[in-house]
Each structure stands twice: as structure tokens, then as C-alpha cells.
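Just so it is clear: chains get the letters A, B, ... in the order the sequence lines come, proteins before strands, and each one is counted from 1.
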Amino acid sequence: MNYYVTTSIPYVNGEPHLGHAMEFVMADVLARAARKSGAPVIFSTGTDEHGGKIAEKAAELKIKPQELADQMSEKFRKLIKELDVEPDRFIRTTDKGHIQRAQLVWKSLEKDIFKHKYVGWYCTGDEEFFTETVVKENNGICPDHNRPYEKIEEENYFFKLSKYNDEILKAIESDKLHIVPKTRKNEIVSLLKEGLEDISISRPKDKIDWGIPVPGDKTQVMYVWFEALLNYITVLGYPEHEDFKKFWPANVQVVGKGIIRFHAAIWPGILLGLGLPLQKELYVHGYITIDGKKMSKSLGNVVSPHDIIKKYGVDAFRYYFLRHVPSYEDGDFSWEAFETAYNNELANELGNAVQRTAAMISRYQGGIIGDVPGQEHDKGGYDKALAECHFDRALDEVWEQVRGLNQYIDQEKPWEIAKGGDDDHLREVLAQQVGDLLEIADMLEPFLPSSAAKIKHVFESGVVKPLETTLFPKLETKDAGNDQ
RNA sequence: CGCGGGAUGGAGCAGCGGCAGCUCGCAUGGCUCAUCACCAUGAGGUCCCAGGUUCGAGUCCUGGUCCCGCAACCA
């Protein structure tokens, strides 16, 4: 069974942040878990690079938009690498292939595309359109610039999204397009019940020219969002490539809650217009706050993923954002909470369990491990959690076993058995510990790949191979570089 | 009356009709294999407010208060 998982592709307007990092990691867990099961997997991610914002910013920096996009895209690539995230594809919306295929999509969609005059209220101060409601609220005068909104007409191409409203609604209600978590599904269902409007999918070129040309109309470029969404199929080589035929529809698309409308309404609409099946599942994660506050440049509370990784290591990073940020809700990051989780759960509970087991086998049995029992624990809860993208609960399940192991050790007291001289029993108990650890390592593999590999390395061969450094070295608290 | 989500021990959460639970933090005891780690026990809650349904309500219903998202062109 082929497995296709995607992340949303970040807009290269800003620096990579914790939210991006978390999304990459989540999708990576799904991809690794699927690969582990032996399925052919494509895990794709990339960057979204067109649009007015990029053009403006490039102009500010006095470089070409493409140069800016190149630089920024590279930063995301670097982050992915640093996170131990291993996508199979990295698509850029400025890739030639994407551009050509997006144009093919446009042509296939032509039956649902029409030209329409968009009438909006525009403020030249903001260089932005405002909705009827906003304009009314302000009595027709922009409060920021104290000048009246202008009524502007702009000719755009529109996509007949409304036409597909009911079909999308039906797919979502029946879970043919399964939206996780349920609250997100409800949100979208109620939105669809109100009804979707047709959407503008192009911009006049004289206004924004950093975009993909609309086929057959030199005056218009595709609206960024429209074209960016197409990455999910252009990356597979829509329409003719084998991969597309084999891997679409996607098994899971991972997105943040802020862009759910695009992925649960507009994107399905486009797919239906193309006569393609919808993605099977849309997993929507929440946002990350820092010390309980929204992260923002103006608050100056932005924490770079890189700083965390540098200090604690990549697996600790993955661990925190998978377990301590609720999979179905918003979560918080603070250095303090991170450190607590690192010390208690990773170092003291897991790391130490590995350490004490390895130490006892080395000390009492010269490193020789007895007959290790196979899988003994019920993995049902873990599998279910993982299938539901409940990463936090899946790790809860793993830690239940970690705790169980520490309890087991304290109950059996191998150090006392060793004194008593019952070698057979001792060997059995220690082998049991090893069995538990290997099971734990196995479950940890998609989540903390390098730690899982280390645990396996220590015990797998039948002889304990001590680690050069402990699994999660405990850090002496409050050193530099940590601005609480 | 635009739509939706939430309010449970100091903190973060679970429970969604049947003795209020988990993790952290705190206190006490045990152990010594281990990264001064591990294990056990305990203290701590008018489950936002007011009504109602029920033998029984964090859990269902009605009303209210307070927070937080979304509300079509910024991706």
C-alpha cells in the first residue's frame, strides 16, 4: 500500500520558526512509521515562493525575487536537515516543473474558470482591499490614513468553487475526506453549510508580476494560493507521471489550523474540478505560543528551532514538540518546561533505564545478554494513537512502558539477586529488561530516530556495547544562552 | 442575536451519566544497579456562575460570565 504524506509548503516571506519545525517533524513521524511498515512512501515538502509580498521584500533588499526565494528556501532546507526530517521530495513553486504543471492544471480547469470584475474597497495608504463590513464599520473612511476608501474594479479569473460546495461537504461529513481533529471538521462543516463563494484565482500582472503566467492571457498571473496548493500533485508529476498515478490521493496532509480553509475547501474544490479523488485525511495541528504568548517579532519572543537543537539535541526537540504540544490543540514552549521534560522524562526515566540496565549486565554478566523475550506488551493504544495523529498520546503509551520498566527493576532488585547468586534468575530478569528496552526503541523509531538507533545498538547484538556518551546527558541547569 | 472552541487541585491536561484522575511541582519514606537517578506513600479540587432533567451531573438541557480562534484575496 503506497503512502503519500505532505506538509504545507511554507511561504518564504519569513524565517523558519517553531511552527514550521513542528509540522515537518509530525509529517516525518508519519512517513517513518509508514516506511517501517514496509510501504512505498513519498513524503513531500517544499517552499511557496511567489506573490506580491516576496516581490516587495526583494525590492526592499534590492535583489531579484528569485534570489530572495533561493536564499529563504535554502533556510528551510537546512532546518529540515537539522531536524532529522527526511522528505523524499522538496518542491519549490518556482521549479520549472511546477510552473508548467500548474499551467496544465489551469487549462484542465478552464470549464470552471470565468472572468469576473472584482469590486472592492481599496485604501491606497494600506495598498489593500477591505471587506464591505470593515468599510461600513469605519463609515467609508480608513482610520489609519483618514481618507475615504476607493471603490476599485479589477478584472480577475474566478474559479467556480461554489459548484463543488455540496460535494465537498458530503465528502467531509462522511469522512471520505477525514479531518482530524473533530473540532476542525465541525468548523469546516459549518463553513460549508453556509456555502462557499467562487474565488478569485488570478491577479493583474501590472500589479503583481511575481507569479505564474495564466496560460493564454499575458495580463494575468495566478494567485499565489491557488498555485501553491497545486504543489501536492505537481510534485508527483501530475498528470502523466507514474508517481502521480501511484501515490495520489495523499494519505495524510499535515497543515496548521490557520490554513484549514484552503486545504479543506478550496483544495478539494480544485481536485473535484480536475476529476481527481480528494486527499484521504487532513490533519490539522495547532499553534505554538512562547511562555504563553503568541510568538511575534514585536514581542521579541521568537525562539529559533536551531537554538533549542543546539542546546538539547534534535531528538529532545522532536520529543518536546510531539509530546508536550498537544497534537490536537495549541501548545506552549518555554525553556523551563522544555528543560523539565528533558531532565525528567528523557534523561531520568528513559536514559537512565538504558544506563542502569547496561551497567548491570556489564557488571554482573560481563556484558553478555541472556535470551531476550520478544514483543510482550500490547501495542494497541500506541498504534491507534499514531493512526489518529495523536503523537502526544502515542508517546504517553511509550512512556508508560518506560515507567513500567523502572518499576520492574525496582521490584525485582537485580542487585540483590546478584548477591544471592541465583544466576539463572538474574539472567532472566536482565534479559527481560533488555526486551522491554528494545520494544521501547522500536516504538520510538519514528519519533526519535537516532535515540532509538542508539538503544538498539547497545543491546541488539547480544553483548552490551556501552555508549560513548549517555543517551540524554543531564545538563547542569542555568547556564548561558538561556534567557528564560 | 455571524460561526466555532474552551473554562477541572499551584501549572499543564484527561474524564463527557455512576466512588474526581494523570504528568510536573511540593512533602514524607524506601532503595543503592543507574545520568544524586529510581520506587512507594501523602497533602492539595465549591470540576466558571445560576437554574433544570435524573435515583444519581465535570459529564445532559436552559440562561449567564470570562477567555481564545475564524469571519473571502496577506500568504
Side-chain angles (χ1 to χ4, degrees), chain A residues 8-14 48-54 56 118 120 126-134 154 156 158 161 181-191 193-194 196-203 208 223-226 228-229 257-262 265-266 286-287 289 292 294 323-326 328-332 334 336-337 340-341 343-364 392-393 396 399-400 403 405-419 426 429-430 433 467 469-475:
Chain A
S8 61
I9 52 173
Y11 197 51
V12 292
N13 189 33
D48 177 13
E49 309 182 3
H50 290 122
K53 282 257 155 101
I54 302 299
E56 272 167 40
Y118 176 81
D126 292 296
E127 293 191 48
E128 223 181 308
F129 281 98
F130 292 88
T131 61
E132 199 76 26
T133 336
V134 171
E154 186 178 297
N156 291 165
F158 275 68
L161 183 60
K182 203 166 210 145
T183 54
R184 300 295 168 208
K185 172 179 166 179
N186 295 342
E187 252 175 66
I188 274 299
V189 165
S190 83
L191 183 85
K193 281 189 171 155
E194 283 169 31
L196 298 169
E197 308 255 323
D198 296 336
I199 52 159
S200 158
I201 55 168
S202 75
R203 292 288 179 277
I208 295 173
Y223 174 48
V224 214
W225 251 117
F226 172 77
L229 286 168
K257 67 176 186 181
I259 54 176
I260 183 170
R261 304 166 54 89
F262 292 91
I266 299 176
Y287 283 164
T289 54
K294 234 170 144 164
R323 185 167 189 212
H324 289 285
V325 172
Y328 285 7
E329 278 163 78
D330 292 348
D332 188 56
S334 70
E336 201 190 340
T340 302
N343 282 332
N344 290 340
E345 293 153 28
L346 291 174
N348 295 348
E349 292 182 324
L350 176 61
N352 187 47
V354 171
Q355 188 72 10
R356 63 199 302 214
T357 299
M360 284 191 274
I361 294 173
S362 299
R363 182 156 160 182
Y364 303 137
D392 50 353
R393 290 196 182 167
D396 284 347
W399 252 258
E400 197 136 315
R403 282 165 209 263
L405 171 57
N406 278 321
Q407 285 166 0
Y408 175 78
I409 296 173
D410 270 62
Q411 261 168 40
E412 296 294 334
K413 301 182 178 47
W415 52 93
E416 270 182 22
I417 306 176
K419 275 183 213 153
L426 180 62
V429 170
L430 292 178
Q433 292 176 215
L467 291 164
T469 51
T470 48
L471 210 47
F472 295 99
K474 206 148 172 186
L475 302 176

- Task: Looking at every strand, decide which applies to A/I260 at a 4.0 Å heavy-atom threshold: base, sugar-phosphate, or nothing.
- Result: nothing
Protein-nucleotides 5-14 of chain B N/O pairs closer than 3.5 Å?
| from | atom 1 | to | atom 2 | distance (Å) |
| --- | --- | --- | --- | --- |
| B/rA14 | OP1 | A/E329 | OE2 | 3.2 |

- Who does B/rG4 pair with, Watson-Crick or G-U, both distances under 3.5 Å? B/rC68
- Task: Whole angstrom is fine here: how far is it from CD1 in A/I188 over to P in B/rC70?
- Result: 13 Å
- Task: Please examine the side chains of A/Y328 and A/T183, heavy atoms only from C-beta on, and report whether any two atoms are closer than 4.5 Å.
- Result: no
- Can you tell me how far the NZ atom of A/K474 sits from the CG atom of A/N348, to the nearest 0.5 Å? 3.5 Å
- Base versus backbone protein contacts along nucleotides 26-33 of chain B [heavy-atom cut-off under 4.0 Å; B, S, -]: ----BSSB
- Task: Return no unless some side-chain N or O of A/N348 is found under 4.0 Å from OP1 or OP2 of B/rA34.
- Result: no
- Item | Point-to-point distance, once rounded to the nearest 0.5 Å, from OH of A/Y223 to CG of A/N156 | 10.5 Å
- Select base, sugar-phosphate, or nothing to describe what A/S200 touches, counting heavy atoms under 4.0 Å on all strands. base
- Residues A/E345 and A/W399: closest non-hydrogen pair is O-NE1, 3.2 Å
- Could you tell me whether A/R403 and A/E400 have a side-chain N and a carboxylate O separated by less than 4.0 Å? no
- Query: Which part of the nucleic acid, if any, lies within reach of A/N156 when heavy atoms closer than 4.0 Å are counted: base, sugar-phosphate only, or nothing?
  - Reply: nothing
